[in-house]
Engineer: 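Structure incoming, see below.
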Amino acid sequence: MNKITIVLSLVILLSLTSLGGANPGGVGDGDFDMQCGGACHGDASQNQTSPALLELSLDGDAYFGLPVSITASVSGIQFSSSDAIGLFLLTDVTGHSDLPEDGGWEVISDVNGGDNNYVEIEGSSFDEAYTISWTLKPTVLESTTFYLSIHHGGQNTPYFAISSGLNIDVLPVPDNLPRLSSEYSPIISRDLGQQTTMPVFTSDVDELAIEWRLVDRPSNSINATLVDNNSWEFELPPALQPSIIEWRAVMDGDGPTQITPWFRIAAQEPILEVNQLQVYLQSLAFCIFFLTLILTLQSRYLNNQEDLSMEIDHSSLVPQQENSGVSTPPLPEGGLPDGWTMEQWKWYGHEYLEDLK
Amino acid sequence: MISSATFHVITTELVVGSFAMAGICFLVLAIQSFGVFESEKATIVTDYAGHFALGFGLLATPFAIFTGISSSPTSDLSSPLLVNKMFLSMIATGLAVAVLFTRTKAGNQLSASKPSSLIQSAAGLAASGFMLMTASIGGKFSRGESVLDFLNLPYDTIFLMPTWVSAIILVAGVLSAIVAVINLTKSSAIEH
C-alpha cells in the first residue's frame, strides 16, 4: 500500500511539471538562433503553432553602412500566465546561422535598449497588438530576407510562429546624401544619474538637429553642437531610474534632408567595479574555511569517540586483572625453588619470601 | 559550436539536480539521526545515494562556475548577484568536499557517532542549500525573478573583505585543514 502511495505521489508530482514550458518566465534578451538552442521552450518538437499575426516592415530605404529601422507588428497572441513574449529577428529559417550578423547586418539597438536580435516584451491582454522595432546597419551590399519569429506560452503549451520573409535590397549611398558616418555606432547604455554627452559623426551634413523622447512620450528638439569637421555632440539629461531614451538626428546638407531611425540609450544601474582577484581570493577563502570547519569538527568528534571506546576497553579489562590475582613475586637469587612450579610461585611465592625473612 | 551560455545551462542543471537529490538524502539522514524514525535500509540507501549525488554534482560544479563567468555580459563578475553566486557556490563546494572526504576516510564510523552523523548530515544539507541559493540568484540575474524571492534575501549586497584578510583566512584554513586531515586519517587507521 505504501509503495503504491509513493509511486502515485511521484507520478502526480511529475505530471504537474510542464515538460514543454522549460522557461515560462523567459530567458532574457540575447543573440539567439530561431530555436535558441532549445533553452527557451525546452524541446522544440513540443511547440504548437502560434495564432499570432506577424508582420515585418522596413522604415525608409536601406543604404549601405547607414542605420535603418525594421518594425515588427504582432497581434492575436495567446498569453501564458507570465505574459512574456519572445521575438526573434532572423535572416534564415533553418534554425542555425540565422542571426542578422550572419546575413551581414549589425544590430545597433533593440526595443529594450540592448543590441540583441531576440527581445522579450511583457503582454497584458489577449487581443492587444504590439509594435516594436530594431535599428540595424547593413555591412554588405546585397539583398537580405528577414523573418520575425515568436515564442510564447499559453494554456500550459509552448507556441511558436514565424512570419513570411521581408526582402530588403541594400542600396549604395547616393552622392552628397546627408548621413551618419558609416563607422558611427551610438552609445546604447549609460549609468543612472549620468549626464550624457552623445557624440555624432556625420558626412555631408551642414546642420544637425536632435529629437529625443522618453518611450511613448512627446519628443523634444535640440541643436547639436559642431565640435570638429563632421563631428557633433549633444547633451542628454541624466536618468534617475532605469529607463530608455530614444533619439534621432535630422540632417541638413546639399542633398535632401535625412532623418535617422530612433536610437535608444538605456539608463541602468552602474556596473559593479570590483577587484576580480579580491573576489576570487575571498571565494577560495570561504571554500577552505567551511571545508576546514567540517573536517575539524569531524576529526574532533571521531577522535573523542575513539578515546571513549578505548576507555571502555580499559574498563572492561579491570575485572580481568582482578580475576588474574596478585602480581608474580620476584624470584629468589637461586631461581625457582626446587619442587615449585611457576604457577605455584605466582600464587604462593610471596609467602615463601616472607618465611625466608 | 555550443556557446558558454548553453553549456552553462547544461552544467547548472546537472549541478542543481545532483545537489537537490543529495539534499533530500541528507535530510532523511538528519531526521534519522534525531531518532524520529529508524530504518537500516533507508540509512544505507540515503547514505550511498546522497554521497554519490553530492560527488557527481561536485564534479560538474567547476564547469558550471567557469561557463557562468564566461557567459556573463562582460565575462567577469560585473554584478553583485554574480559576486554572491561565486561566494555561495564556493562555500557549497567547500562543504561538499569536506562531507565526501570525511565519508571516505571515516566510513561507517560516522554512523556510530551521533555528533559526527549529525555534522555530516547538516554539512550535506548546507552544501545543497547554498548551491540551490546559487541557482536562485542565477534566475534572479537572468530573468529578474527566482523561487526564493519571498525570502527577500539581500542578493544586491556583497560582503567583501580586504585581500589581506582573505589571504590570512586562506593560509590559516589550509594549515588547519592539513591538521584535520592528518587527525582524520589517524583515527580512521586505528583498527577496532
Side-chain angles (χ1 to χ4, degrees), chain A residues 22-33 36-40 42 82 84 96 114 116 120 122 189 268-310 313, chain B residues 2-3 5-6 9 74 76-80 82-83 86-87 89-95 97-99 101-102 106 109-110 112-113 115-116 119-120 123 126 139 142-145 158 160-163 165-170 172-174 176-177 179-184 186-188 190 192:
Chain A
N23 286 294
V27 295
D29 296 356
D31 286 326
F32 293 135
D33 289 326
C36 55
C40 300
S82 64
H96 61 86
N116 306 298
E120 288 176 351
E122 294 297 318
S189 65
Q268 55 199 14
E269 297 282 353
I271 291 174
L272 178 69
E273 289 182 11
V274 64
N275 185 344
Q276 303 288 307
L277 178 66
Q278 193 179 357
V279 174
Y280 291 133
L281 198 64
Q282 186 171 323
S283 304
L284 202 57
F286 278 161
C287 176
I288 296 295
F289 175 81
F290 281 94
L291 185 149
T292 305
L293 180 70
I294 300 302
L295 289 183
T296 305
L297 285 173
Q298 289 288 32
S299 65
R300 181 183 168 189
Y301 281 109
L302 285 171
N303 284 336
N304 281 352
Q305 185 197 5
E306 194 61 43
D307 294 342
L308 186 66
S309 64
M310 286 174 76
D313 287 346
Chain B
I2 300 175
S3 67
T6 303
V9 170
T74 52
D76 57 18
L77 304 169
S78 57
S79 157
L82 297 180
V83 173
M86 190 73 190
F87 288 163
S89 62
M90 290 301 281
I91 289 172
T93 302
L95 289 169
V97 170
V99 166
F101 183 82
T102 310
Q109 275 181 271
L110 282 172
S113 161
S116 292
I119 291 169
Q120 186 78 349
S142 59
R143 295 186 296 278
E145 63 179 356
I158 56 172
L160 202 57
M161 300 185 294
T163 306
V165 175
S166 297
I168 289 174
I169 292 175
L170 192 60
V174 168
S176 306
V179 173
V181 166
I182 291 170
N183 283 339
L184 267 176
K186 271 183 186 172
S187 69
S188 66
I190 296 171
H192 296 275

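Chain A is the first sequence line, chain B the second, and so forth, proteins listed ahead of strands; every chain is numbered from 1.
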Engineer: Side chain, backbone, both or neither: which part of Ile168(B) has a non-hydrogen atom closer than 4.5 Å to chain A?
Structural biologist: neither

Engineer: Heavy atoms only, distances under 4.5 angstrom: which of Ile169(B), Leu95(B), Leu160(B) has the most pairs with chain A? Name it, please.
Structural biologist: Leu160(B)

Engineer: Sort out for me which of Ile288(A), Leu293(A), Asp29(A) touches chain B most, counting heavy-atom pairs under 4.5 Å.
Structural biologist: Ile288(A)

Engineer: I'd like to verify something: which residue of Ala126(B), Ser79(B), Ala92(B), Gly139(B) has the highest number of heavy-atom pairs under 4.5 Å with chain A?
Structural biologist: Ser79(B)

Engineer: I'd like to know whether Met86(B) forms a side-chain contact (heavy atoms from CB on, under 4.5 Å) with Phe286(A), so could you lay out the CA-CA distance, the side-chain angles of the two residues, the decisive distance to 0.1 Å, and finally the verdict.
Structural biologist: CA-CA 10 Å; Met86(B) 190 73 190; Phe286(A) 278 161; over 6 Å; no

Engineer: Considering all heavy atoms of both residues, which atom of Ala167(B) and which atom of Leu281(A) are nearest to each other, and what is their separation?
Structural biologist: N-CD2, 4.2 Å

Engineer: Show the numbers, then the answer: is there a side-chain contact (heavy atoms from CB on, under 4.5 Å) between Tyr280(A) and Met90(B)?
Structural biologist: CA-CA 10 Å; Tyr280(A) 291 133; Met90(B) 290 301 281; over 6 Å; no

Engineer: Return the minimal non-hydrogen interatomic distance between Ser166(B) and Ala285(A), and the atom names on each side.
Structural biologist: O-CB, 3.6 Å

Engineer: Which pair of heavy atoms, one from Gln278(A) and one from Met161(B), lies closest together, and at what distance?
Structural biologist: NE2-O, 2.8 Å

Engineer: State the OG1-CG distance between Thr296(A) and Leu184(B), to the nearest 0.5 angstrom.
Structural biologist: 8.5 Å

Engineer: Whether the side chain of Ser113(B) engages the backbone of Leu302(A) through a donor-acceptor N/O pair (distance < 3.5 Å, no angle test) should be reported.
Structural biologist: no

Engineer: Can you tell me which portion of Phe87(B) sits under 4.5 Å from chain A's heavy atoms? Options are side chain, backbone, both or neither.
Structural biologist: both

Engineer: Can you see which heavy atom on Thr292(A) is nearest to which on Ser176(B), and at what distance?
Structural biologist: CG2-CB, 3.2 Å

Engineer: Answer with side chain, backbone, both or neither: which region of Thr163(B) has an atom nearer than 4.5 Å to a non-hydrogen atom of chain A?
Structural biologist: both

Engineer: Select one option (side chain, backbone, both, neither) describing which atoms of Val279(A) are under 4.5 Å from chain B's heavy atoms.
Structural biologist: both

Engineer: Between Val83(B) and Val274(A), what is the shortest heavy-atom contact and its length?
Structural biologist: CG2-CG1, 4.5 Å

Engineer: If you count heavy-atom pairs under 4.5 Å with chain A, which of Ala172(B), Ser89(B), Gly94(B) comes out on top?
Structural biologist: Gly94(B)

